[in-house]
Number of protein chains: 2
Amino acid sequence: MLLSKSCEYAIRAAVYVAYTSNLGKRAGIIEIAEAIGSPMHFTGKILQALSRKQVLSSAKGPNGGFYIDDRHSVFLIDIVRAIDGDELFTACVMGLKSCSDAGPCPLHDQIKPLKSQLLAEFSRKSLNEMVKEYEQNRYFLK
Amino acid sequence: MLLSKSCEYAIRAAVYVAYTSNLGKRAGIIEIAEAIGSPMHFTGKILQALSRKQVLSSAKGPNGGFYIDDRHSVFLIDIVRAIDGDELFTACVMGLKSCSDAGPCPLHDQIKPLKSQLLAEFSRKSLNEMVKEYEQNRYFLK
DNA sequence: TATATAGAGGACAAATTTATCTTTTAATAA
DNA sequence: TTATTAAAAGATAAATTTGTCCTCTATATA
């Protein structure tokens, strides 16, 4: 797996939250979990984490829920970093502590560009872009 | 993490086994675990799995251990498939069941070529190639 | 045949990830 | 102020991955 299950849920939840935010509404965890097909409470925890990391916002009480302040744009990499960190882009494929550009493992030179590309894709993909496609019914979230 | 810890150990152990096989010797789990810096018994389990999947061979008793029949060449992909399966190359990054070429997730088109490249690299990298570099002291296994 | 060697296999345990449930806190609105 | 709503937080549990230990089986060799 490229990303942890938590991170997959995080991305899908964030897309849904961005989607409802565009409609001027806040999304509650019940609604979100239903929309993306994930365990409700667990999804709540993940959204709390995203909220703490300022990827999105939350409000308690009536009409509360999760939302995204549309003044700051979120990129996929923000979500991935918040949940999985960035070892995906930095750690050695073979798990070697001694692996580095200077003393590379036998896969280093071939894998490095792939990791860079992955990082680049995650960095340029905005949540807004993903929401647009979702609004066009181009895909589901489960 | 791209690969599971088990798979990382598997690759490193396989390189070491191929290395000792080239020297006409068999490697025992104590020696292997020491060489690659991994938990001994756990490494034994992993090697058993590789043996069952015919990636390498084993022999019991005195002078026994793990070895690789040099008539069949092993590629990295064989090890990865044996331990982690191939969901790394096939599963959706966002964890969507509904994701496919026909109904792609918003990352599908960008990630697909990366997964193909990863698969290609793993498919063309032979254990022998990795051993050669190891023999030249180009890297360590821990 | 007896003994020592070394992997195979099973049972078990620790650690991590994923998932659930309950209580607390904050906010809204009546 | 009170009741209600919904996230935050904490405790607990299930599942998976990682790691350990002990016994069994096969093999070599004396």
Side-chain angles (χ1 to χ4, degrees), chain A residues 1-14 16-17 20-21 25-34 36-68 82-85 87-88 91 95, chain B residues 1-14 16-17 20-21 25-34 36-69 80 82-85 87-88 91 95:
Chain A
M1 260 190 209
L2 219 54
L3 304 174
S4 70
K5 216 165 183 179
S6 296
C7 195
E8 294 176 352
Y9 291 153
I11 295 170
R12 281 148 59 191
Y16 186 77
V17 169
T20 54
S21 284
K25 289 185 285 188
R26 287 169 180 172
I29 50 171
I30 298 173
E31 179 188 348
I32 296 170
E34 159 61 24
I36 72 172
S38 66
M40 182 182 80
H41 291 104
F42 189 54
T43 306
K45 295 284 183 194
I46 293 166
L47 286 164
Q48 279 171 36
L50 289 182
S51 173
R52 273 193 300 272
K53 301 260 180 158
Q54 329 245 351
V55 174
L56 43 75
S57 310
S58 68
K60 288 183 177 180
N63 296 314
F66 295 90
Y67 62 99
I68 291 183
I83 306 298
D84 279 357
E87 59 164 343
L88 173 61
Chain B
M1 260 189 208
L2 220 54
L3 304 174
S4 69
K5 216 162 184 181
S6 296
C7 196
E8 293 176 352
Y9 291 153
I11 295 169
R12 281 147 60 190
Y16 187 78
V17 169
T20 54
S21 285
K25 290 185 285 188
R26 287 169 180 171
I29 50 170
I30 298 174
E31 180 187 348
I32 296 170
E34 159 61 23
I36 70 172
S38 66
M40 181 181 81
H41 291 103
F42 190 52
T43 306
K45 296 282 183 195
I46 293 166
L47 286 164
Q48 279 172 35
L50 289 181
S51 174
R52 273 194 300 271
K53 300 259 181 159
Q54 329 246 349
V55 173
L56 43 75
S57 310
S58 68
K60 288 184 177 179
N63 297 314
F66 295 91
Y67 62 99
I68 292 182
D69 190 337
V80 173
I83 305 297
D84 279 358
E87 59 164 345
L88 173 61

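All figures in this text were calculated on a predicted structure; none of them were measured in a lab. Sequence lines set the chain letters: A, B, ... in the order given, protein chains first and strands last, and positions in each chain run from 1.
Rounded to whole angstrom, the span from the CD atom of Glu8(A) across to the P atom of dA19(C) amounts to 10 Å. Regarding Ile32(A), its CD1 atom lies at a distance of 17 Å from the C1' atom of dA19(C), rounded to whole Å. If you measure from atom CD of Glu34(B) to atom P of dA6(C), you get 16 Å, rounded to the nearest angstrom. Rounded to whole angstrom, the span from the CE atom of Met40(A) across to the P atom of dT18(C) amounts to 19 Å.
Not counting sequence neighbours, the partners of Ser4(B) by the side chain to side chain contact (heavy atoms under 4.5 Å, CB included) test are Ser6(B), Cys7(B), Ile83(B), Asp84(B). Every residue two or more places apart in sequence or in another chain that forms a side chain to side chain contact (heavy atoms under 4.5 Å, CB included) with Ala91(B) is listed here: Glu87(B). When the side chain to side chain contact (heavy atoms under 4.5 Å, CB included) test is applied to Lys25(B), the partners found at least two apart in sequence or on another chain are Leu23(B). Listed by chain and number, the residues in a ring-ring contact (aromatic ring centres under 6.0 Å, His included) with Tyr16(B) are Tyr19(B) (sequence neighbours excluded).
In this structure, Ile36(B) and Tyr9(B) approach most closely via the heavy-atom pair CD1-O, 3.7 Å.
Residues Glu34(A) and Glu31(A) fail the side-chain proximity criterion, which asks for heavy atoms closer than 4.5 Å.
Residue Ile30(B) holds its CD1 atom at 11.5 Å from OG1 of Thr43(B), rounded to the nearest 0.5 Å. Taken from CZ in Phe66(B) to OG1 in Thr20(B), the straight-line distance is 11.0 Å, to the nearest 0.5 Å. Rounded to the nearest 0.5 Å, atoms CD1 (Ile32(B)) and CG (Leu47(B)) are 5.0 Å apart.
Residue contacts for Tyr67(B): at a heavy-atom cut-off of 4.0 Å it reaches no nucleic acid atom on any strand shown.
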Compile the donor-acceptor pairs under 3.5 Å between side chains in residues 52-65 of chain A and protein atoms, sequence neighbours left out, one pair per line.
none

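Each end of the helix from dT1(C)-dA30(D) to dA30(C)-dT1(D) gets its own axis from five base pairs, and the two axes differ in direction by 0°, given to 10 degrees.
Nearest-nucleotide mapping onto DNA chain D: of Asn63(A) and Thr43(B), the residue sitting toward the 5' end is Asn63(A). Between Pro62(B) and Tyr9(A), the residue anchored closer to the 5' end of DNA chain C is Pro62(B), taking for each the nucleotide with the nearest heavy atom.
Formation of a donor-acceptor pair under 3.5 Å by the Ser21(B) side chain with backbone atoms of Val17(B) is found in this model.
You can see that DNA chain D meets the heavy atoms of chain B within a 4.0 Å-exclusive cut from dT18(D) to dT29(D), reading 5' to 3'.
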Check the interface with nucleotides 7-13 of chain C: list each N/O to N/O pair with the protein under 3.5 Å, or write none.
{"unit_1": "dG7(C)", "atom_1": "OP1", "unit_2": "Ile29(B)", "atom_2": "N", "d": "3.4"}
{"unit_1": "dG7(C)", "atom_1": "O3'", "unit_2": "Ser58(B)", "atom_2": "OG", "d": "3.3"}
{"unit_1": "dA8(C)", "atom_1": "OP1", "unit_2": "Ser58(B)", "atom_2": "OG", "d": "2.7"}
{"unit_1": "dG9(C)", "atom_1": "OP2", "unit_2": "Arg52(B)", "atom_2": "NH1", "d": "3.2"}
{"unit_1": "dG9(C)", "atom_1": "N7", "unit_2": "Lys45(B)", "atom_2": "NZ", "d": "3.4"}
{"unit_1": "dG10(C)", "atom_1": "N7", "unit_2": "Lys45(B)", "atom_2": "NZ", "d": "2.9"}
{"unit_1": "dG10(C)", "atom_1": "O6", "unit_2": "Lys45(B)", "atom_2": "NZ", "d": "2.5"}

